[in-house]
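We use all heavy atoms of the structure for the numbers below, so side chains are in, but hydrogens, waters and symmetry mates are not.
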Amino acid sequence: MASGQVATDAMDSSYKGMSSDNIKGLVLALSSSFFIGASFIVKKKGLKKAGASGVRAGVGGYSYLYEPLWWTGMITMIVGEIANFAAYAFAPAILVTPLGALSIIISAVLAHAILREKLHIFGILGCALCVVGSTTIVLHAPPEREIESVTEVWDLATEPAFVFYAALVIAIVLVLIFHYVPKYGQTHIWFYIGVCSLVGSLSVMSVKALGIALKLTLSGMNQLIYPQTWVFAMVVLVCVLTQMNYLNKALDTFNTAVVSPIYYVMFTSFTILASVIMFKDWDRQNPTQIVTEMCGFVTILSGTFLLHKTKDMTDGSTSMGMRTPRHGNEDSFGEEGIPLTVKRQES
């Protein structure tokens, strides 16, 4: 009887996890994935249309800037990013961040249906794994912490555990930037991606704090009067600029099919770790829920790697190796023709 009661309590607590705020965050995260995934298809359609009447982006042309369809894709992406920003204000990062993998699925499926780009059978399996993993995380995500002021977030950010994590991240990033990146950045992908992922975990925590401040402000409790709000805004600005700078360096040096899954794994892992330390997400969960969440996360990682590894494959072909720096005739332009060092990529 006792074991049955424990099982019942565990089930009850898991259902309580889907609070109204979690549902709002979930809807926003799913909307973000749809808009971002669809935006790449719309942009590519615009690129093809512009290339038919002007200089193609792949050889340095910018005729796509005059193509309304391409701008429609850009606006769609911006809407998706705004939805993603808002999702962090309602749901914990451990729920929102892994769902970013769904944009890859949306993009792959739409490319198969609209652009007639063949989706390999293992790519379909990868999509299915991402869906299963995402569903597992959603059903077992912890409830969002009740916060009534940005000063509460500041108190969480200045607790010894998170201060130690932030200091450790900053120290590692500085060592990577000034010692390892100049020596090994062009030959080892881990150093660029390491900087992006570590800094990205701090940027997400600051984005969440800023999102909470804006949510409370819009509900009638003005948080803009607190200096902590503006400190979080400055941290977001610095972290995002650093993150995108080194992500673009990675994309300019290594093949995108290699960069994207590695960046997703490292960025999501460090973000979940930072959220667990700062917001103590796992304190509101039992061990069964935590283990189930981790299994869902690993399932998403497996699906993401499988999808990326096979997205350019046809039956009977082989995929590319893990270390694939750009050489010789491969230019450093993204699909719009903008140098990757100044272009924000899908990741």
Side-chain angles (χ1 to χ4, degrees), residues 20-46 65 68-107 110 134 138 141 144 147 150 153 196 199-224 229-245 247-248 260 263-264 267-268 271 274-275 279 334 336 338 342-347:
S20 60
D21 276 351
N22 272 21
I23 293 174
K24 292 175 184 176
L26 172 62
V27 171
L28 287 167
L30 292 176
S31 301
S32 170
S33 294
F34 176 80
F35 281 116
I36 292 174
S39 71
F40 286 96
I41 305 304
V42 177
K43 285 168 64 181
K44 191 162 185 177
K45 292 281 286 185
L65 293 175
L69 193 59
W70 184 85
W71 283 107
T72 301
M74 281 299 297
I75 293 172
T76 304
M77 175 176 282
I78 292 171
V79 171
E81 294 292 353
I82 292 174
N84 190 56
F85 176 87
Y88 282 110
F90 292 98
I94 199 171
L95 168 61
V96 176
T97 306
L99 293 181
L102 296 181
S103 64
I104 302 172
I105 297 177
I106 298 296
S107 180
L110 291 179
S134 299
V138 167
E144 174 68 334
I147 294 178
V150 72
V153 185
C196 300
V199 173
S201 68
L202 298 182
S203 71
V204 169
M205 295 304 100
S206 300
V207 163
K208 184 170 179 62
L210 193 58
I212 291 172
L214 293 177
K215 181 181 72 171
L216 293 173
T217 299
L218 293 175
S219 67
M221 295 180 285
N222 186 12
Q223 303 297 303
L224 301 181
T229 301
W230 300 104
V231 172
F232 283 127
M234 289 300 298
V235 172
V236 169
L237 180 62
V238 173
C239 287
V240 168
L241 289 176
T242 304
Q243 186 180 354
M244 297 317 303
N245 177 45
L247 178 58
N248 284 330
S260 296
Y263 174 65
Y264 173 79
F267 169 70
T268 306
T271 298
S275 181
F279 290 97
E336 288 89 17
I338 301 175
V342 296
K343 175 180 178 290
R344 181 174 182 179
Q345 296 291 324
E346 176 181 358
S347 300

Between L202 and M205, does the side-chain contact (heavy atoms from CB on, under 4.5 Å) criterion hold? Intermediate values first, please. CA-CA 5 Å; L202 298 182; M205 295 304 100; 5.6 Å; no
Verdict with reasoning, V138 to L99, per side-chain contact (heavy atoms from CB on, under 4.5 Å): CA-CA 9 Å; V138 167; L99 293 181; 4.2 Å; yes
Could you go through F35 and I78, starting from their C-alpha distance and side-chain angles, then the distance that decides it, and tell me whether this counts as side-chain contact (heavy atoms from CB on, under 4.5 Å)? CA-CA 8 Å; F35 281 116; I78 292 171; over 6 Å; no
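N84 places none of its side-chain heavy atoms less than 4.5 Å from the side chain of V207. No side-chain heavy atom of V204 sits under 4.5 Å from any side-chain heavy atom of C239. For the pair L241/L237, a side-chain contact is recorded, criterion being any heavy-atom separation below 4.5 Å from C-beta on. Here the side chains of V42 and M74 are not in contact, with every heavy-atom distance at 4.5 Å or above. Within the 4.5 Å cutoff, the side chain of T271 has heavy atoms near those of the S201 side chain. Residues Y263 and C196 meet the side-chain proximity criterion, which asks for heavy atoms closer than 4.5 Å. Taking the side chain as every heavy atom from C-beta outward, F279 and I147 approach each other to under 4.5 Å.
Of all heavy-atom pairs between V235 and S206, the closest is CG1-OG, 3.0 Å. Among all heavy-atom pairs drawn from V96 and A91, the shortest one is CG2-CB, 3.8 Å.
Residues that satisfy the side-chain contact (heavy atoms from CB on, under 4.5 Å) test with T268, not counting sequence neighbours, are T97, P98, Y264, I272, F297.
How far OG of S107 is from CG of L102: 12.5 Å, rounded to the nearest 0.5 Å. Atom CG of D21 is separated from atom NZ of K24 by 5.5 Å, given to the nearest 0.5 angstrom. We find the CD1-OG1 distance between I41 and T76 to be 11.5 Å, quoted to the nearest 0.5 Å. In this structure, I36 CD1 and I106 CD1 are separated by 11.0 Å, a value rounded to the nearest 0.5 Å. Between atom OG of residue S103 and atom CG of residue L30 there is a gap of 11.5 Å, rounded to the nearest 0.5 Å. To the nearest 0.5 Å, atom CZ of residue F85 and atom OG of residue S32 are 12.5 Å apart.
Under the side-chain hydrogen bond (donor to acceptor under 3.5 Å, both in side chains) criterion, the residue pairs touching residues 208-221 are E144-K208, with sequence neighbours excluded.
With Q223 contributing its side chain and V150 its backbone, the two residues share a donor-acceptor pair below 3.5 Å.
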